[in-house]
Amino acid sequence: MLDLKFIRRQPEEVKEALRRRGYPENLVDELLAVDARWREKLTYLQELRSEHNRVSEEIARRKQAGDEAAELIAAMRDLSSRIEELAKEVGALERELQERLLEIPNIPHPSVPYGEDAEDNVEIRRWGEPRRFSFPPRPHWEIGEITGVLDFARGVKVAGTRFVFYRGLGAALERALINFMLDLHTREHGYEEVFPPFLVNRESMVGTGQLPKFAEDMFKVEGEDYYLIPTAEVPVTNLHREEILDGDRLPLKYVAYSACFRAEAGAAGRETRGLIRQHQFNKVELVKFCRPEQSEEELEKLVADAEEVLQRLGLPYRVVVLCTGDLGFAAAKTYDIEVWLPSYGAYKEISSCSNFGDFQARRANIRYRPHPKAKAAFVHTLNGSGLAVGRTVAAILENYQEEDGSVVIPPALRPYMGGVERIPAQAR
RNA sequence: GGAGAGAUGGCCGAGUGGACUAAGGCGCUCGACUCGAAAUCGAGUAGGCGGGCAAAACCCGCCUCGUGGGUUCGAAUCCCACUCUCUCCGCCA
């Protein structure tokens, strides 16, 4: 959420941001029109209330003195009903204002390149060389089938399309990756591990920006105020909702494993095969809370922490910065890390690292004191995948495959796999 | 799920319809005293919103005693619903 006062003062700047994102810019004028009406009525309402308070005190005074107050009470009856009516109007305007405010996206950071869609994202750097295969490499779903470590058919039977069973060494590989990533980030990168709830309430979803605008993207428990988290970003960022953090302890750095649940509405037909787009997947997520002046640097460090995972696993990747048109609703700046997938013959997103500025902090009311006596100010929040586990499995199966269908386990993972060095062609 | 108790400022805690403009204490900040500290004494200690005003300081006003409604001229206080916490019972990994 943007600062309403900022929108009032700099409407042109906000419109420009909307233009660059490809949003309709009249959102701003519409919001400001509601704001003007709200303030006008609110001022009047407050005047009436002030009058009401004065008369009320006068009545009390007279009653104490044993005097008559009947005519004042009669006048108050009228005043009270006018206040009640006006308060309803003000309340309605306030709700409308709030709704509109929640639907305005964040302002892109000045360093974000202009562009209309993903085509215009800008590559920043590459790491590693894609392997040259002496045989035609198989896509990971075929490898999963040959080795028996992925069971898509039974995932569909038991749950539905876009669900999968990991089996045997596949399940072990998934678990090994989670532990490997958590250990790396806690022991070497200084993050505190948290294990969050996988269901959260509506307020948390609003806090990080999934609601109210993107309700169709997620699963909700019927009849309850529970939403399945699309990412651990939601519970972990909301960990400090409605709190004032100790400025001396910033930045706070958390790493969380969670399952993630996405409805994938609008993705029908896309990437229906394999692990790339599932309704449920595992992810290790990095979340930071920091001072505003730290957030640009913290984003760079966060990306580096996520890249480290791929480097240790020996998986080639590149880093791109998202252009204004591809930037997520709440983000001010986002780097995607894309891993090389031989079956795609292309780099595919495996991590998305964003700086949200104070956008989420304002929604979720997460603040800190710059100085012990200073007024509380909004923190900046950041998060990024470190990494998406299912896509990492896909990348390992494809990049480490052998001609016979077997898969070599990256050396860094072997301690987490009980020393297993290879998934044999027929693992089951 | 059932029964009971409770929710008041950073914390504890008083408050059964009009002086609550929320007592008192603790903590914290500043000052006095002291060589310094402790003790003591004094003062100050919530947030949000609107306006003055373009902004800071400041001033005025409004709102907030778990949340939302209701009664009343007037609600921390009375009524209803909900949320959460605690105790006991039931169920459960």
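Proteins come first, then strands; the chains are lettered A, B, ... in the order of their sequence lines, and each starts at number 1. All values derive from a computational prediction rather than experimental measurement.
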**Q** Tabulated below should be each protein N or O lying under 3.5 Å from an N or O of nucleotides 74-80 of chain B; please produce it.
**A**
from   : atom 1 : to    : atom 2 : distance (Å)
B:rG74 : OP1    : A:S80 : OG     : 3.4

**Q** Between A:E243 (CD) and B:rG47 (P), how many Å, whole number?
**A** 17 Å
**Q** Using the C1' atom as the point on both nucleotides, what is the distance between B:rC62 and B:rU21, in whole Å?
**A** 15 Å
**Q** Should A:R54 and A:E58 count as an ion pair when the cut-off is N to O under 4.0 Å?
**A** no
**Q** With a 3.5 Å cut-off and no angle check, do the side chains of A:S56 and A:N53 form a donor-acceptor pair?
**A** no
**Q** Check whether any side-chain N or O of A:R9 sits under 4.0 Å from OP1 or OP2 of B:rA55, and answer yes or no.
**A** yes
**Q** On a whole-Å scale, what distance lies between the P atoms belonging to B:rC79 and B:rA7?
**A**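 Per the computed distance, 14 Å lies between those P atoms.
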**Q** Provide the Watson-Crick or G-U wobble partner of B:rG66, both distances under 3.5 Å; none if there is no partner.
**A** B:rC82
**Q** Do A:E233 and A:Q360 have side-chain N/O donor and acceptor atoms under 3.5 Å apart?
**A**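 On atom types as modelled, these side chains qualify, holding a pair under 3.5 Å.
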**Q** Mind checking who B:rG17 pairs with, Watson-Crick or G-U wobble, both distances under 3.5 Å?
**A** none
**Q** Judged by modelled atom types alone, do A:T324 and A:R21 share a side-chain donor-acceptor pair under 3.5 Å?
**A**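 Checked: A:T324/A:R21 side chains show no N/O donor-acceptor pair below 3.5 Å.
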**Q** Does A:R77 make a side-chain N or O approach to OP1 or OP2 of B:rC73 shorter than 4.0 Å?
**A** yes
**Q** Rounded off to whole Å, could you give me the CD-to-P distance for the A:E47 and B:rC62 pair?
**A** 11 Å
**Q** Using purine N1 to pyrimidine N3 plus N6-O4 or O6-N4 for Watson-Crick, or N1-O2 and O6-N3 for G-U wobble, each under 3.5 Å, what pairs with B:rC35?
**A** none
**Q** Would you jot down, in residue-number order, the residues of residues 28-41 of chain A having a non-hydrogen atom under 4.0 Å from RNA chain B?
**A** A:W38, A:R39
**Q** Quick one: is A:N53 getting a side-chain N or O under 4.0 Å of the B:rC63 phosphate, OP1 or OP2?
**A**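 So the side-chain polar atoms of A:N53 do come within 4.0 Å of the phosphate oxygens OP1 or OP2 of B:rC63, strictly under.
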**Q** Rounded off to whole Å, could you give me the CG-to-C1' distance for the A:L245 and B:rG10 pair?
**A** 15 Å
**Q** Using both distances under 3.5 Å as the test, list the Watson-Crick or G-U wobble partner of B:rG50, or none.
**A** B:rC60
**Q** Using only heavy-atom distances, determine whether the side chains of A:Y257 and A:N179 contain a donor-acceptor pair under 3.5 Å.
**A** no
**Q** With a 4.0 Å cutoff (strictly under), does any side-chain N or O of A:R62 reach OP1 or OP2 of B:rA19?
**A**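 Looking at the OP1 and OP2 atoms of B:rA19, neither is under 4.0 Å from any side-chain N or O of A:R62.
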**Q** Would you measure the distance from the C1' atom in B:rA46 across to the matching atom in B:rG27 and give it in whole Å?
**A** 15 Å
**Q** Output yes when a side-chain donor or acceptor of A:H140 lies under 3.5 Å from a complementary backbone atom of A:L397, and no otherwise.
**A**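 Not a single qualifying donor-acceptor pair exists.
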**Q** Quick one: A:N365 CG to B:rG47 C1', roughly how many Å, whole number?
**A**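 So the CG-C1' distance, A:N365 to B:rG47, works out to 9 Å.
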**Q** Among B:rC73, B:rG50, B:rA54, find the nucleotide with the atom closest to the side chain of A:T43.
**A** B:rG50
**Q** Starting at the 5' end of RNA chain B, which residue's closest nucleotide do you reach first, A:R54 or A:R367?
**A** A:R367
**Q** Can you tell me the base-pairing partner of B:rC88? Count Watson-Crick or G-U wobble geometry only, both distances below 3.5 Å, and say none if there is no partner.
**A**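 Across any shown strand, B:rC88 pairs with B:rG2.
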**Q** Run the side-chain donor-acceptor check on residues 209-226 of chain A: report pairs under 3.5 Å with partners two or more places apart or on a different chain.
**A**
from   : atom 1 : to     : atom 2 : distance (Å)
A:Q210 : OE1    : A:T208 : OG1    : 2.7
A:K220 : NZ     : A:E224 : O      : 2.5
A:D225 : OD1    : A:R202 : N      : 3.2

**Q** Using the benzene-type ring in the case of Trp, are the ring centres of A:F329 and A:F359 under 6.0 Å apart?
**A** yes
**Q** Can you tell me how far P of B:rG68 sits from CG of A:D225, to the nearest Å?
**A** 16 Å
**Q** Assess, by modelled atom type and distance only, whether the side chains of A:D120 and A:Y114 contain a donor and an acceptor separated by less than 3.5 Å.
**A** no
**Q** side-chain contact (heavy atoms from CB on, under 4.5 Å) with A:W38: which residues, sequence neighbours excluded?
**A**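 Applying side-chain contact (heavy atoms from CB on, under 4.5 Å) to A:W38 gives A:R8, A:D35, A:L42, A:V90, A:L93, A:E94, A:L97.
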**Q** Do A:Y254 and A:H185 make the cut of ring centroids closer than 6.0 angstrom?
**A** no
**Q** Short question: side chain of A:K333, backbone of A:F356 - any donor-acceptor pair under 3.5 Å?
**A**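 Checked: no pair found.
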**Q** What integer number of Å spans the P atoms of B:rU16 and B:rA93?
**A**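 After rounding to an integer number of Å, I get 48 Å for this pair.
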**Q** In this structure, how many angstroms lie between the C1' atom of B:rC63 and the CG atom of A:L86, rounded?
**A**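 Distance check: A:L86 CG to B:rC63 C1' gives 14 Å.
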**Q** Is A:E307 salt-bridged to A:K301, going by a charged N under 4.0 Å from an acidic O?
**A** no
**Q** Between B:rC92 and B:rA75, how many Å separate the two C1' atoms, rounded to a whole number?
**A**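 The same atom, C1', in both gives a distance of 43 Å.
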**Q** Tell me, which of residues 1-8 of chain A have any heavy atom that sits under 4.0 Å from an atom in RNA chain B?
**A** A:K5, A:R8
**Q** If I pick the P atom on B:rG13 and the same atom on B:rC30, what distance separates them, to the nearest angstrom?
**A**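 Result for the P pair: 29 Å, nearest Å.
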**Q** Determine which nucleotide pairs with B:rC26, using a 3.5 Å limit on both distances of a Watson-Crick or G-U wobble pair.
**A**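 In the structure as shown, B:rC26 has B:rG10 as its Watson-Crick or wobble partner.
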**Q** Quick one: A:R362 CZ to B:rG47 P, roughly how many Å, whole number?
**A**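 Atom-to-atom, A:R362 to B:rG47, this comes out as 17 Å.
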**Q** If we take the P atom in both B:rU77 and B:rU64, what is their distance in whole Å?
**A** 11 Å
**Q** What distance, rounded to whole Å, do you find between the two C1' atoms, one in B:rU8 and one in B:rU85?
**A**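 Per the computed distance, 15 Å lies between those C1' atoms.
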**Q** Return the set of residues passing salt bridge (Lys or Arg N to Asp or Glu O under 4.0 Å) with A:E203 (not counting sequence neighbours), or none when no residue passes.
**A**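 A:E203 satisfies salt bridge (Lys or Arg N to Asp or Glu O under 4.0 Å) with A:R241 once adjacent residues are dropped.
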**Q** Here's a test of your reading of the structure: between A:R61 and A:L42, which maps to the more 5' nucleotide of RNA chain B?
**A** A:R61
**Q** Using whole Å, report how far CD1 of A:I73 lies from C1' of B:rG17.
**A** 13 Å
